[in-house]
2 protein chains.
Amino acid sequence: MSTAEETAGGETSAWGEVTPDAARRLLIAAVEAFAERGYHATTTRDIAGRAGMSPAALYIHYKTKEELLHRISRIGHEKALDILRTAARREGTPAERLADAVSSFVRWHAGGRTTARVVQYELDSLGPDARAEILALRRQCDAEVRAIIEDGVAAGDFDVLDVKGTTLAVLSLCIDVARWFNVDGPWTPDEVGALYADLVLRMVGAK
Amino acid sequence: MSTAEETAGGETSAWGEVTPDAARRLLIAAVEAFAERGYHATTTRDIAGRAGMSPAALYIHYKTKEELLHRISRIGHEKALDILRTAARREGTPAERLADAVSSFVRWHAGGRTTARVVQYELDSLGPDARAEILALRRQCDAEVRAIIEDGVAAGDFDVLDVKGTTLAVLSLCIDVARWFNVDGPWTPDEVGALYADLVLRMVGAK
DNA sequence: CGGCTCGCTAAGCGCTCGCTCAGCATCGGC
DNA sequence: GCCGATGCTGAGCGAGCGCTTAGCGAGCCG
């Protein structure tokens, strides 16, 4: 748990579904290592060492190093999709729902930067089958955001030239937070979330 | 040259400063390989093979594999800085200069996606000294964009809540193009450049 | 034409990688 | 109190890594 604090920010519970305990410790260690050095630069000895185990212990819970990345990526994308879906389907005007989606999505990328980095930037390290599965989740994320923007356009609340392109730009803006956000920097995740919600409302021409 | 077309898009000449010819071929091969598989997943045998040489030939022109990445990163960042500086210092209103900066910066990231990917996403694979040198170039890129936005605010043309944060978001939006842009996708680099210039003018509340 | 330089190759060194396997400690069921 | 299942370790395998070195052939200079 103590090693998980840095990693998961306020979202340690996100890994609660991973059992048994040793498998969860290995997974959290892998998230930290992948985020710090990248998937290919991380060794199985490093992961096992961070989890306080011998290198061989990893292979009791996971078939390969890639399976670890796959599990991390799927759980992370499901969490991201859940965040967007919750915001998209709540009550409120399209502008309120879009602002909610962006600010909570950004808070997740900033606060859980370690996890988000792995989830968003190590996709190409997966094999073809696993990558295809994850890409399907990404398309669902895209669909949720696009639905809000389309609602806003249909209601006359938004003024958008290219719905598809704008949707992509909004998601792109949020995702890139995981690349540059620094815990020791001048902003809290909440502040970045609020700033970005304002910027996105401007991008869609919210009235 | 034929191998360079895919890589550099319309910017093959960007590597013209690298001599002799064998060193340039190795560097272009490295850009392609790093962009496809990432720095750590690329082997020196792969780079040499793409350049039509034996693995040992690499070490006649470069001391280490990391020196290749360092050279690629420095040349790429200098080119990116040049693009932003040219747009920032031309004649015109702040809105015109910002639109020019964003559209040309985005065109570079989309058209030269292979190069841009390496330049923007493999920074952490450099050692501390090389990374520090590159980060200095990045801060200069940031300063150029911020100067345009500050000009617009001072002139009363822009309406911005947080200049520093908005500058970061604008650059972040442009840089992330290198991650998602697909040459076979629905947009040309010019189209993305135009769309993004419009979105950024909305973000700064251009009148 | 002989000899030197320069760009390159074939071979391989030392190392670390992902992963395996035989064996040991622990513990619940009977 | 014994027994098999479970979770883990220590040792190490084969492969592939970054990089080195000895030597070879082409080209220029005298």
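All values below were derived from every heavy atom in this structure, side-chain atoms included, with hydrogens, water molecules and symmetry-related copies excluded. Quick caveat: nothing in here was measured; it's all calculated off a predicted structure.
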Listed partners of E67(B) passing salt bridge (charged side-chain N to carboxylate O under 4.0 Å, His left out), at least two apart:
R71(B)

Table please: side-chain donor-acceptor pairs of residues 177-185 of chain B below 3.5 Å, with sequence neighbours left out.
unit_1	atom_1	unit_2	atom_2	d
R179(B)	NE	D176(B)	OD1	2.8
R179(B)	NE	D176(B)	OD2	3.3
R179(B)	NH2	D176(B)	OD2	2.7
N182(B)	OD1	D184(B)	N	2.9

The criterion is salt bridge (charged side-chain N to carboxylate O under 4.0 Å, His left out); which residues satisfy it with D162(A), sequence neighbours excluded?
none

Could you give the start and end, 5' to 3', of the contact zone on DNA chain C for chain B, using atoms under 4.0 Å from its heavy atoms?
dC8(C) to dG12(C)

Rounded to the nearest 0.5 Å, the CG atom of D100(A) sits from the CD atom of E96(A) at a distance of 9.0 Å

Mind checking what makes side chain to side chain donor-acceptor pair (under 3.5 Å) contact with H77(B), not counting sequence neighbours?
R138(B)

For T43(B), answer base if it contacts any base atom (sugar-phosphate contacts may also be present), sugar-phosphate if it contacts only those atoms, and nothing otherwise; contact means non-hydrogen atoms under 4.0 Å.
sugar-phosphate

My understanding is that only residues two or more places apart in sequence, or in another chain, count here; which of them pass ring-ring contact (aromatic ring centres under 6.0 Å, His included) with Y121(A)?
Y121(B)

With the threshold set at 4.0 Å, does a side-chain nitrogen-carboxylate oxygen contact exist between E144(A) and R89(A)?
yes

With under 30° as parallel and over 60° as perpendicular, where do the rings of F105(A) and H109(A) fit, or are they tilted in between?
perpendicular

Mind listing the residues from residues 58-67 of chain B sitting with a heavy atom below 4.0 Å of DNA chain C? Number order is fine.
I60(B), H61(B)

Looking at OH of Y39(B) and CD1 of I72(B), how far apart are the two atoms once the value is rounded to the nearest 0.5 Å?
9.5 Å

Bounds of contact between DNA chain D and chain B, in 5' to 3' order, using a heavy-atom cut-off under 4.0 Å
dC17(D) to dT21(D)

Among residues at least two apart in sequence or on other chains, which ones pass ring-ring contact (aromatic ring centres under 6.0 Å, His included) with F158(A)?
none

Would you mind telling me which residue lines up with the more 5' stretch of DNA chain C, P20(B) or R45(B), judged by nearest nucleotide?
P20(B)

Residues in salt bridge (charged side-chain N to carboxylate O under 4.0 Å, His left out) with D21(B), at least two apart?
R24(B), R25(B)

Heavy atoms within less than 4.0 Å of DNA chain D: which residues of residues 122-132 of chain A have one? Give them sorted by number.
none

Tell me if a side-chain donor or acceptor on T42(B) pairs with a main-chain N or O of A33(B) at a distance below 3.5 Å.
yes

What pairs with R202(B) under salt bridge (charged side-chain N to carboxylate O under 4.0 Å, His left out), at least two apart in sequence or on another chain?
D159(A), D198(B)

